[in-house]
Amino acid sequence: MTVPRLLVIDTDPGIDDALALALAFASPEVEIPLITTVSGNTGLAAVTTNATVLLDLFGAPPETVLARGASRPLKRKLATAEEFHGPDGLGGVR
């Protein structure tokens, strides 16, 4: 048996990252001690809420740390993808 690889995931949970998180938490090959969120598909508050909901939905261990990160890019204006992901980032399903 192999030891799971530790992953830190930096994400802006919209529809695409929700699928990626589902696959990561379902994999016995990885352990995810830390998730960080940044604005991207939508604003920071929404993506952080999405991450909280998704961690619960996918059965993340209680010791998984969720940290709020940057609310905007360092060197350019924030451009979201709300026209695709919706204002909540998850197409309105949350």
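Please read all numbers here as calculations on a predicted model, not as lab measurements.
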Rounded to the nearest 0.5 Å, the CG atom of Leu21 sits from the CG atom of Asp16 at a distance of 9.5 Å

May I ask you to check whether Asp17 and Asn50 show a side-chain donor-acceptor distance below 3.5 Å?
-> no

Hydrophobic clustering (ILVMFWY, side-chain heavy atoms < 4.5 Å, transitive) - are [Y] and [X] grouped together?
X     : Y     : answer
Val47 : Leu57 : no
Val30 : Phe58 : yes
Leu55 : Leu7  : yes

What are the two closest heavy atoms between [X] and [Y], and how far apart are they?
X     : Y     : value
Pro13 : Leu54 : CB-CD1, 4.0 Å
Leu78 : Ser39 : CD1-CB, 3.9 Å
Val38 : Asp10 : CG1-OD1, 3.7 Å
Leu90 : Ala18 : CD2-CB, 4.1 Å

Using the side-chain hydrogen bond (donor to acceptor under 3.5 Å, both in side chains) rule, collect all pairs that involve residues 18-31, keeping only residues at least two apart or in two chains.
-> none

Under the side-chain hydrogen bond (donor to acceptor under 3.5 Å, both in side chains) rule, what pairs show up with a residue in residues 54-78, not counting sequence neighbours?
-> none

Any sub-3.5 Å donor-acceptor pair from Thr42's side-chain atoms to Asp88's backbone N or O?
-> no

Is there a side-chain contact between Thr37 and Leu66, using heavy atoms and a 4.5 Å cut-off?
-> yes

Taking C-beta and beyond as the side chain, do Asn41 and Phe84 meet within less than 4.5 Å on heavy atoms?
-> no

List in chain and number order the residues that pass side-chain contact (heavy atoms from CB on, under 4.5 Å) with Leu34, two or more places apart in sequence or in another chain; answer none if no residue qualifies.
-> Val8, Thr36, Val65, Ala67

